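In listed order, ligands and their atoms are each counted from 1. Just so we're clear, the structure is a prediction, and the values are computed from it rather than from any experiment.
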Amino acid sequence: MLSLAVASSAAAIAQTPVYLDKTKPIEDRVEDALSRMTLEEKVKMCHAQGKFSSPGVPRLGIPEIWMSDGPHGVRAEINWNDWGYSNWKNDSITAFPALTALAATWNPEMSAIYGKSVGEEARFRNKNVLLGPGVNIYRTPLNGRNFEYMGEDPYLAGEMVVPYIQELQKNGVAACVKHFALNNQEKWRGNVNVVLSDRALYEIYLPAFKKAVQEGKAWSIMGAYNQIWNQHCCHNDRLLNKILRDEWGFDGVVITDWGGAHDTKESALNGLDIEMGSFTNGLTSESEFTFDDYYLGKPYLEMLKNGEVPDSTVDAKARNILRLIFRTAMNSDKPFGSIASPEHYAAAKQIGDEAIVLLKNSGILPLDPAKYRNILVVGENAVRPLNEGGGSSELKVKDMFSPLDAIKAVYGDGVKYAAGYRTGRAMYEKEDTIPQAVLDSLRNEAVAMAKGMDAVIYIGGLNKNGFQDCEASDRREYNLPWGQDLIIEQLAEANPNLIVANVSGNAYAMPWIDKVPAVLQSWYLGTMIGPSMADVISGAVNPSGKLPFSFPRRLEDNGAHYFGEKSYPGIELETEGGNAASDLAGADVNVGKNPQQEYLEDILVGYRWHDTKNIPALFPFGHGLSYTNFEYGIPSLSAKEMTADGSITLSVPVSNIGRKAGKEVVQVYIADEKSSLPRPAKELKEFRKVELAPGQTKVVKFTITPDALKFFDDKAHDWVAEPGKFKVLVGSSSADIRATEQFTYK
Ligand code: BGC
């Protein structure tokens, strides 16, 4: 008997099972593994086993899945069973620029470098899923989380997200695109029910996700906290079954946002695969409520056993999860990765250099280091570690080069610093805890020091505190906080050579704009924030960033805010029955009141609103100046007519007529002259960033296809291009159109 057992196990060793045989097609391996699993093992895979991991199949040697935030670097290790950091000593990494900054480069090559670099860091840290990138559309400048997304235009966000995903996944690390869908505000994010037209959904809010899935081929996606059609996004039948799987053919894993599941049956039936982070007392005391008590744990197993939901539901989930494991944890061809390498710092610097936007310049910039020596730097963001706070995107960096240090390195010992204001540190701080007397004295000190200096560089803006650029709460005001408007006004009076270089992931009011000679919009640029800012200020780098969202003059000038609270933040209905928000404790959580919100501006988001309603933005979408000048020649179209199966080539000559090498983003917008449904004044359909030496001209070519002419007809549930006349508008921003051409679609 014994010898027989030994013999048969020897035979088993000799024959590699299909699921372990990497020469076999992945779908065969998935089916083979599935056929060997028990029902209990399948269910176990569908929910967390710890804060950031889900189990594999230990008996079969199928490894667990390790996830990490995301999206600007790999987050420090978190405890198994609570949100505390584990204090490991080997998890300090590179902080890459925030995704808003990436979008501001308008350069898909930067996305590729970003994805490759952050992917290598995730791989080195042994992560299988990186929780990002995020492509929720920038609808309101109050959204606390805009800094993690890629702006207000679906085409820009879609073009930028694809290379990030493709390069990231080459490391055997899955992207987890988030937050699907309509998580466009943090206030009441846990349960607000978003009401919008199918047109707005398909034209504005879904395209970047669709590209992430179909062109980026993302291996996972994260459901959003909020509701749509009165059903939570994490187990939303239409969103996940119909749109994501049936319409788009997604073959990856749907992961909940942490605590985004609310119901076992819906989670079983509606396309969800892995439930993470459910808010139970089990998070801190496993004995009371274990991970197996999650909606997709024991309750699901019981429903399967009782026949209340079919076994096919768990087989579908296990298939998706196995496929993800084969692509990541069991992918033996992946590279080994690296962290905090010189290459990654160089990548962060390069992206940061291309991201900073020169909003206004009366000629003082670039600030010549040979001429300007006595410089006062004012503002907390010149020294504050801006990778701290902000929520789940918080990072523990190996190095952080501050703007103040970098400016000193360029301009020398004549650089002095004054804080100008101070803020607290708490993420969920309810009120500003800094006494007015302290703010007054810091401001007075800075203004007194500003007099007599060669120049003043103000580095303020927002930060990652609660109610600023921070998850789980929205901003409470459009103006800059902590009395910064007054500081900037007084600094401008004290010194005519004032440069405002603000850091934020959001637009803000600029009541002082006419008094300030130069304004730079910097973003959260991570480890290399200082060197990128100093190089743009000194002119070592010629700025080439363009705004990925509009800066309205006033909050009411933004489409979402125009319609009042019904549209933002929504109305709390006095009916019971809303699900308790089960996300992070703290800020703006709304329990039980079932808030509803209508996207009344519909498809007119961002510049689409400003342009169509003739409400000029202070700084429009696509705006960004350079230290050189670009001249646009007369564009030409290869034909004046387009047919359904044809295309037209647009050629745009662009010249650098200044004295510095620089990069320009040529933007192509399309306007439909007459249509059966109302359309925005124009929409971005192509763009290209080109580098030009002084005196150089390049002809930039674009291919326009009927897809660029289509709108979503919600009655027909289809994209439609209507015959008629179309305009092609070529511009340096959405409001700076340099040439217009026309053609007819037949
Ligand atoms: C955030 C996600 C994040 C998750 C895990 C949630 O609160 O919304 O974006 O990936 O936490 O940290």
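Short contacts between ligand 1 and Arg75, defined as distances under 4.0 Å to a heavy atom of the residue, involve ligand atoms 12 (O). Close approach of ligand 1 to Ser392 is summarised as follows: ligand atoms under 4.0 Å from at least one heavy atom of the residue are 1 (C), 2 (C), 3 (C), 9 (O), 12 (O). Close contacts of ligand 1 with Leu131, meaning ligand atoms under 4.0 Å from a residue heavy atom, involve 10 (O). Against a heavy-atom cut-off of under 4.0 Å, Lys178 is close to the following atoms of ligand 1: 2 (C), 3 (C), 9 (O), 10 (O). Here is the list of ligand 1 atoms found below 4.0 Å of a heavy atom in Glu471: 1 (C), 6 (C), 7 (O), 8 (O). In summary, the atoms of ligand 1 found under 4.0 Å from a heavy atom of Asp257, numbered by their order in the structure, are 1 (C), 2 (C), 3 (C), 4 (C), 6 (C), 7 (O), 8 (O), 11 (O). Listed by number with element, the atoms of ligand 1 under 4.0 angstrom from any heavy atom of Phe52 are 5 (C), 12 (O). Residue contact check: Arg189 has heavy atoms under 4.0 Å from atoms 7 (O), 8 (O) of ligand 1.
Residue-environment remark: CH2 (Trp229) exceeds the threshold of 12 foreign heavy atoms within 6.0 Å. With a 6.0 Å radius and a threshold of 12 heavy atoms from other residues, nucleotides or ligands, Lys398 has its NZ atom at or below the threshold.
For ligand 1, one of its N or O atoms has an N or O atom of Asp69 under 3.5 Å away. When only interatomic distances are considered, the shortest N/O to N/O separation between Arg145 and ligand 1 falls below 3.5 Å.
Taking the six-membered ring for Trp and the full ring otherwise, Phe96 and His72 have centroids separated by 6.0 Å or more. Between Phe549 and Phe551, the gap from one ring centroid to the other is short of 6.0 Å. Side-chain rings of Trp258 and Phe52 approach one another, their centers coming within less than 6.0 Å.
Considering CH2 of Trp523 and CG of Asn506, their distance stands at 9.0 Å, rounded to 0.5 Å.
Heavy-atom distances between Met67 and ligand 1 stay at or above 4.0 Å for every pair. At a 4.0 Å cut-off, at least one heavy atom of His179 sits close enough to ligand 1 to count as contact.
Classified by interplanar angle (parallel below 30°, tilted 30° to 60°, perpendicular above 60°), the ring pair Phe180/Trp248 is tilted.
Looking at Lys51 against ligand 1, nothing comes within 4.0 Å, counting heavy atoms.
By the salt bridge (charged side-chain N to carboxylate O under 4.0 Å, His left out) test, Lys116 is found to be paired with Glu120, residues two or more places apart in sequence or in another chain being considered.
A donor-acceptor contact closer than 3.5 angstrom is absent between the side chains of Asn146 and Asp469.
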